[in-house]
**Student:** 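Below is the structure I would like to discuss, written out as structure tokens.
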Amino acid sequence: MNINCSPLGFLISLFFIVTFLAPQVKSRAFFVFGDSLVDNGNNDYLVTTARADNYPYGIDYPTRRPTGRFSNGLNIPDIISEAIGMPSTLPYLSPHLTGENLLVGANFASAGIGILNDTGIQFVNIIRISKQMEYFEQYQLRVSALIGPEATQQLVNQALVLITLGGNDFVNNYYLIPFSARSRQYALPDYVVYLISEYGKILRKLYELGARRVLVTGTGAMGCAPAELAQHSRNGECYGALQTAAALFNPQLVDLIASVNAEIGQDVFVAANAYQMNMDYLSNPEQFGFVTSKVACCGQGPYNGIGLCTPVSNLCPNRDLYAFWDAFHPTEKANRIIVNQILTGSSKYMHPMNLSTAMLLDSSKI
């Protein structure tokens, strides 16, 4: 059943989350791994072109300043933190991630990265997923020095973890250029099988490092991003090759999660159907209060889909009317629709359970 996405329906859902869920869930750390959809500023500390450190990024953030988030305001991890009554996690590279701030968790995500280490090589200096795992181990040593090894293990075991990977392995690898190295090496179905195999190693590593409740998002509707429309679309139709890639990848990711959970003997990993969450509002923008799901709020060229958002880009006056903020990333409003489904969505969106159910189950074990 689709959730009521009228303004009243959204407020009722939010009221449920904040007033019913948050008080029943003991404060828990939150760890974030992945790419630009969930990076909240790590790349600002790196010499890389994959940065969101200029106006008008952050125009609707509380400080009205760019924060390194690829958003006009809050991103998905921020909104999850907000819903469960916790402050946003700091980027792992932030000098402010010390003392009690460490106990809130950490965001290890880095724009441009993928499942594979050769994804995003054009961005040069980014925190690849293997390095994010190293930082997670390093984080645990830092916290152990603060509260001791037993309390650290408990903090990590009881934490919520979010991981978002896969989109860049197509957009910034397989389909980055015609006849890319990976596309010459693999036919698309074989490439997807390879990606899933590598992703399995990452998920098992997270479990080995102590993660016991992990939200895994599939790829979104990659072919519908304004950047792809600008390059490949004549009449506003989504780019078929990337949509096909998502259609192959996402069901296999759900199968992988079921398989890893079966190995472990419990439902540690929860799959979020980001593709369906995207397609709901992309295919019917007016129902969600958007005037367009094709043109980015900030950018230039066809569909405002060429290049990143800069101070000289076209900028829409009302971000709440746009599904896309820049050439690739959702607006804060679209992120809120996604998180609403992560928290309370049916089995159409969440498998084997939504995040509210998972967190209530977890709170009963603590």
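The first residue of the sequence shown is numbered 1, and numbering continues consecutively from there. The structure presented is a predicted model; accordingly, all values stated were derived computationally and were not measured.
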**Student:** Given 3.5 Å as the limit, does a donor-acceptor pair link the side chain of Arg212 with the main chain of Tyr207, or not?
**Tutor:**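 Here the side-chain-to-backbone pair exists.
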**Student:** Answer whether the closest heavy-atom distance between the side chains of Thr331 and Phe324 falls below 4.5 Å.
**Tutor:**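 No, every pair of side-chain atoms sits at 4.5 Å or beyond.
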**Student:** Roughly how far apart are Glu134 CD and Phe108 CZ, rounded to 0.5 Å?
**Tutor:**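 Between Glu134 CD and Phe108 CZ, I get 12.0 Å after rounding to 0.5 Å.
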**Student:** With hydrophobic residues grouped by side-chain heavy-atom distances under 4.5 Å, do Met133 and Ile264 end up in a single group?
**Tutor:**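 Met133 clusters together with Ile264.
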**Student:** Give a yes-or-no answer on whether the side chains of Asp169 and Thr119 include a donor-acceptor pair shorter than 3.5 Å.
**Tutor:**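 Looking only at side-chain atoms, Thr119 and Asp169 do form a donor-acceptor pair, the distance falling under 3.5 Å.
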**Student:** Give a yes or no on whether the backbone of Gly58 and the side-chain of Asn72 come within a donor-acceptor separation of less than 3.5 Å.
**Tutor:**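 No, the answer is negative, given that no donor and acceptor are paired below the 3.5 Å cut-off.
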**Student:** Can a side-chain donor-acceptor contact be found between Arg69 and Thr67 if the only test is distance below 3.5 angstrom?
**Tutor:**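 Checked: Thr67/Arg69 side chains pair up, N/O donor to acceptor below 3.5 Å.
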**Student:** According to a 4.5 Å side-chain heavy-atom criterion applied to Ile, Leu, Val, Met, Phe, Trp and Tyr, with indirect links allowed, do Ile257 and Met350 form part of one hydrophobic cluster?
**Tutor:**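 No; Met350 is not reachable from Ile257 via cluster members.
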**Student:** Please evaluate residues Leu361 and Asp267 with respect to the criterion side chain to side chain contact (heavy atoms under 4.5 Å, CB included), reporting the C-alpha separation (whole Å), side-chain torsions for both, the decisive distance (0.1 Å), and the verdict.
**Tutor:** CA-CA 11 Å; Leu361 279 175; Asp267 290 330; over 6 Å; no
**Student:** I'd like to know if the side chain of Tyr139 and the backbone of Leu102 have a donor-acceptor N/O pair within less than 3.5 Å.
**Tutor:**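 Judged by distance alone, yes, a pair lies under 3.5 Å.
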**Student:** Can you list the steps and then say if Arg204 with Leu206 is a side chain to side chain contact (heavy atoms under 4.5 Å, CB included)?
**Tutor:** CA-CA 5 Å; Arg204 291 177 182 95; Leu206 267 179; over 6 Å; no
**Student:** Looking only at the side chains, is there a donor atom on one of Asn284 and Tyr281 sitting less than 3.5 Å from an acceptor on the other?
**Tutor:**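 Checked: Asn284/Tyr281 side chains show no N/O donor-acceptor pair below 3.5 Å.
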**Student:** Taking the side chain as every heavy atom from C-beta outward, state whether Thr164 and Asp35 have any atom pair closer than 4.5 Å.
**Tutor:**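 Heavy-atom side-chain distance check passes, below 4.5 Å.
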**Student:** Taking atom CG of Leu209 and atom CG of Asn157, what is their separation to the nearest 0.5 Å?
**Tutor:**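 Separation between the atoms: 11.0 Å.
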**Student:** Can Arg28 and Asp362 be said to form a side chain to side chain contact (heavy atoms under 4.5 Å, CB included), step by step?
**Tutor:** CA-CA 10 Å; Arg28 65 196 302 186; Asp362 295 345; 3.1 Å; yes
**Student:** Tell me whether Cys298 and Cys316 have SG atoms closer together than 2.5 Å.
**Tutor:**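 No; the two sulfurs sit 2.5 Å or more apart.
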**Student:** Could you check, using the six-membered ring where one of them is a Trp, whether Phe33 and Phe136 have ring centers closer than 6.0 angstrom?
**Tutor:**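 Yes: the rings meet the under 6.0 Å criterion.
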**Student:** With clusters built from Ile, Leu, Val, Met, Phe, Trp and Tyr whose side-chain heavy atoms come within less than 4.5 Å, directly or transitively, what are the remaining members of the cluster of Ile121, listed by chain and number?
**Tutor:**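 Members other than Ile121 - counting any ILVMFWY side chain reachable under 4.5 Å - there are none.
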**Student:** Count the heavy atoms of every other residue, nucleotide or ligand shown that sit under 6.0 Å from NE2 of His351, and state whether that count exceeds 12.
**Tutor:**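 Count not over threshold, so no.
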**Student:** Donor-acceptor pair, distance only, cut-off 3.5 Å: does the side chain of Asn235 make one with the backbone of Glu237?
**Tutor:**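 Not at all, since once roles are kept as given, no pair shorter than 3.5 Å links the two residues.
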**Student:** Does the Lys NZ or Arg CZ of Arg65 fall within the cation-pi geometry relative to Tyr55 - under 6.0 Å from the ring centre and within 45° of the axis?
**Tutor:**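 Pair Arg65/Tyr55 does not count as cation-pi.
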**Student:** Return the OG1 to CD1 distance between Thr152 and Ile147, rounded to the nearest 0.5 Å.
**Tutor:**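 Result: 4.0 Å between the selected atoms.
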**Student:** To check you understand the geometry: which heavy-atom pair defines the closest contact between Cys224 and Met279, and what is its length?
**Tutor:**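 It is SG-SD, 4.1 Å.
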**Student:** Under a 3.5 Å cutoff, is there a donor and acceptor pairing between the side chains of Ser88 and Asp78?
**Tutor:**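 The answer is yes; a qualifying pair exists.
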**Student:** Is the shortest side-chain heavy-atom distance between Ile163 and Leu203 below 4.5 Å?
**Tutor:**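 Contact flag for Ile163/Leu203 side chains = yes.
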**Student:** Is there a donor-acceptor contact under 3.5 Å from the side chain of Asn172 to the main chain of Gly120?
**Tutor:**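 Not confirmed, Asn172 side chain does not pair with Gly120 backbone.
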**Student:** Would you say Gln140's side chain and Val156's backbone share a donor-acceptor pair under 3.5 angstrom?
**Tutor:**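 Pair absent, no side-chain N/O of Gln140 close to backbone of Val156.
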**Student:** In Å, rounded to the nearest 0.5 Å, how long is the span from CG of Leu165 to CD of Glu198?
**Tutor:**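 Rounded to the nearest 0.5 Å, the CG-CD separation comes out at 12.0 Å.
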**Student:** As an exercise, state the distance from CG of Asp280 to OG of Ser293, rounded to the nearest 0.5 Å.
**Tutor:**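 The OG atom of Ser293 is 12.0 Å from CG of Asp280, to the nearest 0.5 Å.
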**Student:** Does CD belonging to Glu286 count more than 12 external heavy atoms closer than 6.0 Å?
**Tutor:**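 Yes, enclosed.
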**Student:** Hey, any chance Leu155 and Val268 share a hydrophobic cluster, counting ILVMFWY side chains that come within less than 4.5 Å of each other, even indirectly?
**Tutor:**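 Linked, Leu155 and Val268 end up in one cluster.
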**Student:** When you compare the side chain of Met359 with that of Met353, does any pair of heavy atoms fall below 4.5 Å?
**Tutor:**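 When only atoms from C-beta onward are counted, Met359 and Met353 do not touch, as no gap falls below 4.5 Å.
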**Student:** Step by step, would you call Thr89 with Val104 a side chain to side chain contact (heavy atoms under 4.5 Å, CB included)?
**Tutor:** CA-CA 6 Å; Thr89 52; Val104 175; 4.3 Å; yes
**Student:** Spell out, yes or no, whether Tyr45 and Ile129 are grouped together once hydrophobic residues are joined by side-chain heavy atoms under 4.5 Å, including indirect joins.
**Tutor:**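 Per the 4.5 Å side-chain linkage, Tyr45 and Ile129 are co-clustered.
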**Student:** For residues Lys333 and Leu321, determine if any side-chain heavy atom of one lies less than 4.5 Å from a side-chain heavy atom of the other.
**Tutor:**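 SC-SC contact between Lys333 and Leu321 ruled out.
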**Student:** Looking at every heavy atom in both Pro251 and Ala246, which two are closest together, and how far apart are they?
**Tutor:**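 Heavy atoms of Pro251 and Ala246 come nearest at CD-O, 4.0 Å.
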**Student:** Would you say Gln276's side chain and Tyr349's backbone share a donor-acceptor pair under 3.5 angstrom?
**Tutor:**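 No, because the side chain of Gln276 does not come within donor-acceptor range (under 3.5 Å) of the backbone of Tyr349.
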**Student:** Report yes or no: do Tyr275 and Gln243 form a side-chain donor-acceptor pair below 3.5 Å?
**Tutor:**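 Yes, Gln243 and Tyr275 have a side-chain donor paired with an acceptor closer than 3.5 Å.
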**Student:** Kindly assign one of parallel, tilted or perpendicular to the pair Tyr199 and Phe249, based on the angle between their ring planes and the thresholds 30° and 60°.
**Tutor:**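 Tyr199 and Phe249: parallel rings.
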**Student:** Does Ser71 reach the main-chain N or O of Gly73 with its side chain, forming a donor-acceptor pair under 3.5 Å?
**Tutor:**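 Between the backbone of Gly73 and the side chain of Ser71 there is a qualifying donor-acceptor contact (under 3.5 Å).
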**Student:** I'd like to know if Leu188 and Leu253 are part of one continuous hydrophobic network [Ile/Leu/Val/Met/Phe/Trp/Tyr, side-chain heavy atoms within less than 4.5 Å].
**Tutor:**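 They do share one cluster, since a chain of ILVMFWY contacts under 4.5 Å joins Leu253 to Leu188.
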**Student:** Which heavy atom of Pro330 sits nearest to which heavy atom of Leu37, and what is that distance?
**Tutor:**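 Smallest interatomic distance, heavy atoms only, reads CD-CD2, 3.8 Å.
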**Student:** Please report the shortest heavy-atom distance between Leu160 and Ile80, naming the atom on each side.
**Tutor:**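 In this case the closest contact between Leu160 and Ile80 is CD2-CG2, 4.0 Å.
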**Student:** Taking the side chain as every heavy atom from C-beta outward, state whether Trp325 and Asn335 have any atom pair closer than 4.5 Å.
**Tutor:**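 In short, these two side chains do not touch, never coming nearer than 4.5 Å.
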**Student:** Any chance the side chains of Asn250 and Thr219 put a donor and an acceptor closer than 3.5 Å?
**Tutor:**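 There is such a pair (donor and acceptor under 3.5 Å, judged by atom type) between the side chains of Asn250 and Thr219.
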**Student:** Parallel, tilted or perpendicular: which describes the rings of Phe70 and His329, with under 30° parallel and over 60° perpendicular?
**Tutor:**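 The arrangement is tilted - the two ring planes meet at 30° to 60°.
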**Student:** May I ask you to test the Leu46-Ile127 pair for a side-chain heavy-atom distance under 4.5 Å?
**Tutor:**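 Answer yes - side chains close enough.
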**Student:** Can Gln138 and Tyr92 be counted as having a side-chain donor-acceptor contact under 3.5 angstrom?
**Tutor:**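 Looking only at side-chain atoms, Tyr92 and Gln138 do form a donor-acceptor pair, the distance falling under 3.5 Å.
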**Student:** If you round to the nearest 0.5 Å, how far is CD of Gln185 from OH of Tyr194?
**Tutor:**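 It is 7.0 Å, given to the nearest 0.5 Å.
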**Student:** Are Tyr174 and Tyr191 close enough that their ring centres sit under 6.0 Å apart?
**Tutor:**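 Aromatic pair counts; centres sit under 6.0 Å.
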**Student:** Inspect the contact between Arg336 and Glu332 and indicate whether a charged nitrogen and a carboxylate oxygen are less than 4.0 angstrom apart.
**Tutor:**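 Yes, this pair counts.
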**Student:** What's the shortest heavy-atom distance between Tyr175 and Ala245, and which atoms?
**Tutor:**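 Residues Tyr175 and Ala245, closest heavy atoms: CE1-CB, 4.3 Å.
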**Student:** Got more than 12 heavy atoms from elsewhere within 6.0 Å of CD, Glu150?
**Tutor:**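 For Glu150, atom CD is not crowded (no more than 12 foreign heavy atoms under 6.0 Å).
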**Student:** Check whether any side-chain N or O of Thr344 sits under 3.5 Å from a backbone N or O of Asn340 as a donor-acceptor pair, and report yes or no.
**Tutor:**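 Such a contact is found between Thr344 side chain and Asn340 backbone.
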**Student:** Less than 4.5 Å apart, side chain to side chain, heavy atoms only: is that true for Pro77 and Asn40?
**Tutor:**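 Counting from C-beta outward, Pro77 and Asn40 never come under 4.5 Å.
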**Student:** Would you please say whether a donor-acceptor pair under 3.5 Å links the side chains of Asp39 and Ser110?
**Tutor:**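 Note: Asp39 and Ser110 side chains miss the donor-acceptor criterion.
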**Student:** For Leu97 versus Arg142, what's the shortest heavy-atom pair and its separation?
**Tutor:**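 Closest approach of Leu97 to Arg142: O-NH2, 2.6 Å.
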**Student:** Counting only N and O atoms by type, is there a donor-acceptor contact under 3.5 Å from the side chain of Tyr303 to the main-chain atoms of Gly236?
**Tutor:**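 Yes.
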